[in-house]
A.B. asks: 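Below is one structure. I have some questions about it.
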There are 2 protein chains.
Amino acid sequence: MRETIEPGGAPDDARGEAARDEAAVSRFVERFAADLAEAGMQRMAARVFAALLVSDSGALSSAELAERLRISPAAVSGAIRYLSQVDMVVREREPGSRRDRYRLYNEVWYETLTRRDQMVARWESTMRDGAKVLGPGTPAGLRITETADFFEFVQRELPKMLERWRAQQAERRAAEAREAEAG
Amino acid sequence: MRETIEPGGAPDDARGEAARDEAAVSRFVERFAADLAEAGMQRMAARVFAALLVSDSGALSSAELAERLRISPAAVSGAIRYLSQVDMVVREREPGSRRDRYRLYNEVWYETLTRRDQMVARWESTMRDGAKVLGPGTPAGLRITETADFFEFVQRELPKMLERWRAQQAERRAAEAREAEAG
DNA sequence: CCTTAACTTCACAAATTTGTGAAACTAGCG
DNA sequence: CGCTAGTTTCACAAATTTGTGAAGTTAAGG
């Protein structure tokens with residue numbers, strides 16, 4: 001294993017990235033992964049996702065992920081399977097090589113919130129069934145119907161919110177372009 | 001243990017509720033609890049929460065919860081501790097009795113989404129720190145800054161959305177009141 | 001086609017989480 | 001002031017989850 005030691009003491013095992021304090025980057029990766037894990041994401045999936053997030057290219061091979069996170073190829077494989085399933089990462093076959101690259105999905109947050117939305121849809125359906133079982137006129141039935149209504153409301157609102165985000169981003173980029181032209 | 005058997009075969013161990021098919025109610029409780037558990041909630045907390053949701057009074061004692069869910073008082077205690085911490089349930093000391101009652105928090109979903117919002121705030125803070133580490137001009141730094149911006153956007157939007165829900169509910173209730181008066 | 005790099009799958013050991021019984025604690029009630 | 005119903009805490013056993021090494025699979029390159 002070729003390895004050079006930086007003045008700071010951090011091993012230069014993140015070749016291909018802009019010069020940076022790899023120890024600090026690693027702390028950041030672990031911190032964000034912990035945040036995600038606390039929110040219910042599998043630990044390894046969270047770490048792999050965070051590692052991709054801090055890579056300049058936005059894409060890494062299995063070997064690179066294994067090296068940077070100090071985990072086995074099997075763990076990488078499991079994490080990638082999960083991240084692909086939820087469309088947070090896409091797998092690319094590098095032409096002229098037998099090595100896959102895993103790339104952050106273009107609109108990760110858009111996709112992730114959309115998934116959330118689908119989950120809320122399932123909850124709403126569960127609630128509507130529950131309201132039938134409890135009887136629509138009973139106190140419990142009323143409570144559950146209101147819950148279902150709330151879930152329905154959220155489903156209507158979320159896509160609109162994402163649309164506003166897109167619009168805001170488009171506007172910002174346009175402004176930056178004008179800025180660049182003027183300067 | 002006093003127990004009567006209904007024609008349907010379901011034990012009548014949910015005294016105090018409107019007449020209903022307790023077996024079907026139980027299936028609903030378990031289904032919704034499973035939905036919540038899949039979204040990352042502790043299993044027992046999810047079951048206790050679902051059990052409260054289907055109660056007509058919206059409040060149950062520890063003994064009632066233990067009986068309906070067939071779990072130990074210890075398990076109830078643990079679930080309640082969690083649900084109180086996240087403000088989904090409030091504990092009431094019944095005056096003139098030594099028995100607590102656990103009541104659904106008035107605006108459970110409002111509270112729950114507000115919590116979510118706080119989590120997003122932490123994520124944003126993590127991202128801003130990360131951007132500094134990576135260097136604001138690098139590709140990774142830019143990606144992370146955009147992520148932070150998105151989290152910031154979500155934090156601005158969520159309270160507005162909840163406000164719209166409240167307004168819609170108020171309007172609906174007003175309409176129902178007019179309806180009742182006219183009818 | 002055979003070799004071999006790269007990835008996945010599988011069985012298992014380790015670590016973590018979960019729920020329980022039992023003991024400890026708390027506060028109404030006599 | 002005890003007594004005791006109700007709840008919490010604690011230590012532990014069971015179940016589940018997690019990550020690994022090793023075997024298996026796939027496909028690029030000779």
Side-chain angles (χ1 to χ4, degrees), chain A residues 1-2 15-16 26 29-30 33-34 36-52 59-86 89-103, chain B residues 1-2 15-16 26 29-30 33-52 57 59-86 89-103:
Chain A
M1 184 192 286
R2 183 170 66 86
R15 289 175 284 280
S26 173
V29 165
E30 295 306 327
L36 292 175
E38 197 181 340
M41 193 175 194
Q42 298 172 9
R43 220 174 88 84
M44 281 295 142
R47 295 182 71 207
V48 165
F49 177 72
L52 286 171
L60 295 171
S61 68
S62 172
E64 287 170 320
L65 286 166
E67 184 190 357
R68 294 189 187 188
L69 298 173
R70 316 258 165 154
I71 56 181
S72 70
V76 174
S77 176
I80 292 292
R81 178 173 27 184
Y82 172 81
L83 291 171
S84 310
Q85 257 170 13
V86 302
V89 153
V90 287
R91 115 185 309 124
E92 294 175 344
R93 200 33 163 277
E94 253 180 31
S97 157
R98 57 184 74 170
R99 161 173 298 188
D100 283 349
R101 309 202 87 203
Y102 307 113
R103 176 173 299 283
Chain B
M1 183 192 286
R2 184 170 66 83
R15 290 175 284 281
S26 174
V29 165
E30 295 306 327
D35 283 356
L36 292 175
E38 197 181 340
M41 193 175 196
Q42 296 173 10
R43 218 176 88 83
M44 281 294 142
R47 294 182 71 206
V48 165
F49 177 72
L52 286 171
S57 58
L60 295 171
S61 69
S62 171
E64 288 169 320
L65 286 166
E67 185 191 357
R68 295 188 186 188
L69 297 174
R70 316 258 165 155
I71 55 180
S72 71
V76 174
S77 176
I80 293 292
R81 179 174 27 187
Y82 172 82
L83 291 171
S84 311
Q85 256 169 11
V86 302
V89 153
V90 287
R91 114 185 309 124
E92 294 175 343
R93 201 33 163 277
E94 254 180 31
S97 158
R98 56 185 74 171
R99 160 175 299 189
D100 283 349
R101 309 202 87 204
Y102 307 111
R103 175 173 301 282

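All chains are named by letter (A, B, ...) in the order of the sequence lines, taking the proteins before the strands, and each is independently numbered beginning at 1.
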A.B. asks: With a 4.0 Å cut-off on heavy atoms, is A:S77 in touch with a base, just the backbone sugar-phosphate, or nothing at all?
C.D. replies: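 The answer is base, as A:S77 lies within the cut-off (heavy atoms under 4.0 Å) of a base atom.
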
A.B. asks: With a 4.0 Å heavy-atom cut-off, tell me which residues in residues 40-52 of chain A come close to DNA chain C, sorted by residue number.
C.D. replies: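 Hits under 4.0 Å, by residue number: none.
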
A.B. asks: Using a 3.5 Å distance criterion without hydrogens, assess whether the side chain of A:S84 forms a donor-acceptor pair with backbone atoms of A:I80.
C.D. replies: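 Looks like yes, one N/O pair under 3.5 Å.
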
A.B. asks: If you assign A:S97 and B:Y102 each to the DNA chain D nucleotide with the nearest heavy atom, which residue ends up on the more 5' nucleotide?
C.D. replies: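 In this pair, the answer is B:Y102.
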
A.B. asks: If you measure from CG on B:L36 to CZ on B:F49, what distance do you get to the nearest 0.5 Å?
C.D. replies: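 Here the rounded value is 6.5 Å.
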
A.B. asks: Please check: side-chain N/O of A:E67 versus main-chain N/O of A:E64, any donor-acceptor pairing under 3.5 Å?
C.D. replies: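 No, because the side chain of A:E67 does not come within donor-acceptor range (under 3.5 Å) of the backbone of A:E64.
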
A.B. asks: Rounding to an integer number of Å, can you tell me how far A:D100 CG sits from D:dT25 P?
C.D. replies: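 Atom-to-atom, A:D100 to D:dT25, this comes out as 19 Å.
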
A.B. asks: For A:R93 and B:A74, take the nucleotide of DNA chain D holding the closest heavy atom to each; which residue's nucleotide lies nearer the 5' end?
C.D. replies: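 Residue closer to the 5' terminus by nearest nucleotide: B:A74.
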
A.B. asks: Indicate yes or no: at least one non-hydrogen side-chain atom of B:L69 is less than 4.5 angstrom from one of B:E30.
C.D. replies: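 Yes - at least one pair of side-chain heavy atoms lies under 4.5 Å apart.
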
A.B. asks: Taking the minimum atom-to-atom distance to the side chain of B:R98, which one of D:dA28, D:dT8, D:dT4 wins?
C.D. replies: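 Given the options D:dA28, D:dT8, D:dT4, the side chain of B:R98 is closest to D:dT4.
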
A.B. asks: Which value, rounded to the nearest 0.5 Å, describes the distance between B:R99 atom CZ and B:S61 atom OG?
C.D. replies: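 It is 4.5 Å, given to the nearest 0.5 Å.
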
A.B. asks: To check you understand the geometry: which heavy-atom pair defines the closest contact between A:A33 and A:A46, and what is its length?
C.D. replies: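 Answer, listing the atom of A:A33 first, then A:A46: O-CB, 3.6 Å.
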
A.B. asks: What's B:G78 touching, base or sugar-phosphate or nothing? Going by heavy atoms closer than 4.0 Å.
C.D. replies: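 No contact.
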
A.B. asks: First and last nucleotide of DNA chain C touching chain B, 5' to 3', heavy-atom cut-off 4.0 Å?
C.D. replies: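 Extent of the interface on DNA chain C: C:dG19 to C:dC29.
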
A.B. asks: So, the side chain of A:R47 versus the backbone of A:V29: is there a donor-acceptor pair under 3.5 Å, distance only?
C.D. replies: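 Not a single qualifying donor-acceptor pair exists.
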
A.B. asks: Please determine if a side-chain N or O atom of B:R81 lies less than 4.0 Å away from the OP1 or OP2 oxygen of D:dT9.
C.D. replies: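 Looking at the OP1 and OP2 atoms of D:dT9, one of them is under 4.0 Å from a side-chain N or O of B:R81.
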
A.B. asks: Enter the distance from B:R103:CZ to B:E92:CD here, rounded to the nearest 0.5 Å.
C.D. replies: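 Answer rounded to 0.5 Å: 4.0 Å.
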
